[in-house]
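Report on the following structure.
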Amino acid sequence: MAMKYVQTTCPYCGTGCSMNLVVNDGKVVGVAPYQRSPVNEGKLCPKGVYAHEFINSEDRLTTPLIKKDGKFVEASWDEAYDLIAQKLKSYKPSELAVLASARVSNEENYAIMKFARGALKTTHIDHCARLCHSSSVAGLATTFGSGAMTNSIADIAESKCIFIIGSNTFEQHPLIGRSVARARKNGAKLIYADPRLTATGKQADLYMQFRSGTDVAIFNAMMQEIIKNGWEDKEFIEKRCVEYETLKGEVMKPEYSLENVEKISGIPAAQLKQAAEWYATSGASSLLFSMGITQHTTGVDNVKSTANLAMLTGNIGRPGTGVNPLRGQNNVQGACDMGCLPVVFTGYQKVIDEAAHKKFADAWGFPDGICAPQNGYEVTIMMKTLADNPGELKGMYIMGENPMLSDANLTHVKHAMEQLEFLVVQDIFLTETAEMADVVLPATCYAEKDGCQTSTERRVQRFRKAQDPPGQAKVDWQIIAEVAAKMGYAEQFAWQSSEDIFKEITSLTPSYGGMSYERINKPEALQWPCPAADHPGTPILHTTAFAPAMPDSKGLMTAIPFKYPAEVPDAEYPFILTTGRSLFHWHTGGMTRRSESLDSEVPTGWIEINVDDAKELGIADNEMIIAKTRRGQINVPARVTKDIMKGVMFMPFHFVECAANILTNDALDPVSKIPEFKACAVTVEKIQEA
Ligand SMILES: Nc1nc2c(c(=O)[nH]1)N[C@H]1C(S)=C(S)[C@@H](COP(=O)(O)OP(=O)(O)OC[C@H]3O[C@@H](n4cnc5c(=O)[nH]c(N)nc54)[C@H](O)[C@@H]3O)O[C@H]1N2
Ligand SMILES: Nc1nc2c(c(=O)[nH]1)N[C@H]1C(S)=C(S)[C@@H](COP(=O)(O)OP(=O)(O)OC[C@H]3O[C@@H](n4cnc5c(=O)[nH]c(N)nc54)[C@H](O)[C@@H]3O)O[C@H]1N2
Ligand code: SF4
Ligand SMILES: [Mo]
């Protein structure tokens, strides 16, 4: 067979780079550049370059597995479906919970959302967006009326000043980093705030190092300085915002003076002043953030603070400005858009809204109705319910997530998952979570199916099938449709192709209403909102007014008092532990640890310790040590570095052999229900030789 190229979209991060898969003899053997996408113009980061390596791994799941007497036994699809249908039908809707996936297509997320609410009739559906940008969605929805990135990736290059806080853009969104680098080449100033001098920080004109969990104090200090100097945008505030006096009342308090916030955060007053001036007076400032902002018990407060700063200085709605939460997973934006959240159907139509509920119930036509018009549980609340209220939740269906490594406080998560009577996991590998399942279903990966996904800049782009799936593995939406058919709902899931599903999505989702495969097949695809077939899509949000969801379409400024993280250092646990990522690995490692080129770069985990702290503790670089928190302890190699703030330690969470989430705190933000992955109290000890 001849060699061919199949154009598709990268399956890793939310940047949404396009690439070609190189197919030889029916198998994907490589990745080649695809030049015509405006997002990445043929460039890729290492994960994109090696995105073919895990596809044909020896240990892909190839057949359904059923657990018998504690051991997995291979089963036919029919046996697996019969068991699942019989079990799921034996529970009440409120006893069932579903996790969708930011790794799979819009069509597959829509299918599982319809399955949860229509076939299982449960309100409990969520996915990893909870652990990620739930704070952005909640925070920006109440301030701007929409939780998405306001500007586009290319637009960042138009900026005169870029303020990056809590995002390691050059490693976690490398091709967005390229836009940042372009802006700098054109003279823009880059301000970077992070407890670690990361690869992104090394590009900065002003680097502010600070203690994890002090973000609100930093924002309030910058705003106080801006108001004191008259740098606020009075016209913008007057015309487009409400509650300025409330905001001012808070940020002008003496506790947010530069000197006091220097004490709280560790950032020298002069740096805070410089940052305030550059951001407020550049003419077009863009703010980029990610997990350093959202993953806190004050995550929503942090996000609202980013919005406050942008509104105060009129940096919204124009090229080179905006508040830009960089979405993480390839399709986390899409999984949210598809209604895989406990409160909304597709396009953020509220489940509790009677008209929306009726619209979906009527369109779907389940003879026995759909879920109640009520909000369901978030994934973090599902785990707490399992542990604290045994018997309330009994069955769970997980597609493409690995909470047994990605959730906070893993000992608690394991205990919670053990309470389940019945667990189905649909994945491409036998993950830590799949190990706990009663039934495991083999799914296809991105290279084996058609569909589309939505990037961080709301760009809806295609996946294209390049090879056949291994063994008996099936496409995710097809598996869900077949389970539904076994439960008596063949008619509601009678799709023949992913395009059929996309048509159903666009007919029910106003922001996707004008899209079709024909239109998104173009190299530049389409950015939502795209409400009509002749609408060109929307690169920049809020240009003349905020979203109609806001009263008078005005932006809401809010007073945000500073609060410390749920757990702060003390005599027993004297350091702050923060967690995050490496350039070469992806989350729980399923794909990247099976990619030789990536895994050989970074074969295991580590804990970053400041040189002075290490000296005081007598810990050497590369020494194996014990890291311990109130929730557990692990052995992990030390990486002694001057690039991390004294008093703060950092661990990536990719590695099962030194799993950071054994240590992390599952205290939640009261609104977004996100755990505090970015700050808890830790101690480290030398391993005593026997
Ligand atoms: N290579 C790679 N790329 C990825 C991913 C991956 O696993 N690997 N995952 C994707 C996903 S799903 C996501 S959500 C994004 C995440 O992308 P990022 O948010 O950029 O990644 P993180 O490493 O989690 O955290 C970012 C930074 O927050 C800093 N930080 C720690 N504590 C605090 C704090 O209290 N305040 C502030 N302001 N900053 C703090 C950390 O030092 C870190 O540099 O990356 C996406 N891209
Ligand atoms: N300590 C700490 N923990 C964190 C974070 C942190 O910063 N610190 N970040 C959090 C964030 S932002 C996120 S997004 C979460 C991510 O948490 P998860 O989503 O649980 O992590 P992944 O490893 O990406 O899991 C995705 C799973 O999908 C499977 N998969 C891939 N493609 C397909 C497919 O096509 N079909 C199916 N069915 N399965 C597929 C993969 O094999 C993998 O098992 O982790 C969170 N956890
Ligand atoms: S930047 Fe993100 S989308 Fe682009 S190649 Fe790298 S991982 Fe893939
Ligand atoms: Mo994420």
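The basis for the numbers below is simple: all heavy atoms, side chains too, and nothing from hydrogens, waters or symmetry mates. Whatever order the structure lists them in is the order used to number ligands and atoms, beginning at 1. Quick caveat, the model's predicted, so the values are computed rather than measured.
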By salt bridge (Lys or Arg N to Asp or Glu O under 4.0 Å) - contacts of K678 (at least two apart) | none

To the nearest 0.1 Å, how far is [atom] from its closest protein heavy atom, and which atom is that?
atom	answer
atom 25 (O) of ligand 2	N402 N, 3.9 Å
atom 24 (O) of ligand 2	H587 ND1, 3.0 Å
atom 40 (C) of ligand 2	G400 CA, 4.1 Å
atom 2 (C) of ligand 2	F677 CD2, 3.2 Å
atom 19 (O) of ligand 2	Q329 NE2, 3.2 Å
atom 41 (C) of ligand 2	D427 OD1, 3.4 Å
atom 8 (N) of ligand 2	T579 OG1, 2.9 Å

Of the listed options (G14, S406, C680, P675), which comes nearest to atom 18 (P) of ligand 2 when hydrogens are ignored and any heavy atom counts?
-> S406

Under 4.0 Å from a heavy atom of [X]: which atoms of ligand 2 are those, numbered in the order shown and with their elements?
X	result
K678	7 (O)
R103	24 (O), 26 (C), 28 (O), 31 (C), 32 (N)
K449	34 (C), 35 (O), 36 (N)
T444	34 (C), 35 (O), 36 (N)
N661	1 (N), 2 (C), 3 (N)
T588	21 (O), 22 (P), 23 (O)
A443	36 (N), 37 (C), 38 (N)
D476	34 (C), 35 (O), 36 (N), 37 (C), 38 (N)

Select one of side chain, backbone, both or neither to describe which atoms of R581 lie under 4.0 Å from any atom of ligand 2, heavy atoms only.
-> side chain

From the list I428, V475, D468, side chain to side chain contact (heavy atoms under 4.5 Å, CB included) with T444 holds only for V475

Just jot down the ligand 3 atoms closer than 4.0 angstrom to any heavy atom of G16, in number order.
-> 3 (S)

Parallel, tilted or perpendicular, as decided by the 30° and 60° cut-offs, for the rings of W477 and W495 = perpendicular

Do T380 and L131 come within less than 4.5 Å of each other through their side chains, counting heavy atoms only?
-> yes

Under 3.5 Å, N or O to N or O, is Q295 touching ligand 2 that way?
-> yes

So which heavy atom on [X] is nearest to which on [Y], and how close?
X	Y	result
N40	R178	O-NH1, 3.8 Å
I112	I480	CB-CD1, 3.7 Å
H173	G328	NE2-CA, 4.1 Å

Decide, yes or no, whether a salt bridge links [X] with [Y] under the criterion of side-chain N to carboxylate O below 4.0 Å.
X	Y	value
E108	K449	yes
R631	E567	yes
R196	E171	no
K465	D450	no

State the count of protein N/O/S atoms located less than 2.8 Å away from atom 6 (Fe) of ligand 3.
-> 1

Would you please say whether a donor-acceptor pair under 3.5 Å links the side chains of T198 and Y192?
-> yes

What residues form a ring pair (Phe, Tyr, Trp, His ring centres under 6.0 Å) with F653, not counting sequence neighbours?
-> H587

Sequence-distant partners of H585, ring pair (Phe, Tyr, Trp, His ring centres under 6.0 Å), two or more places apart | H654, F655

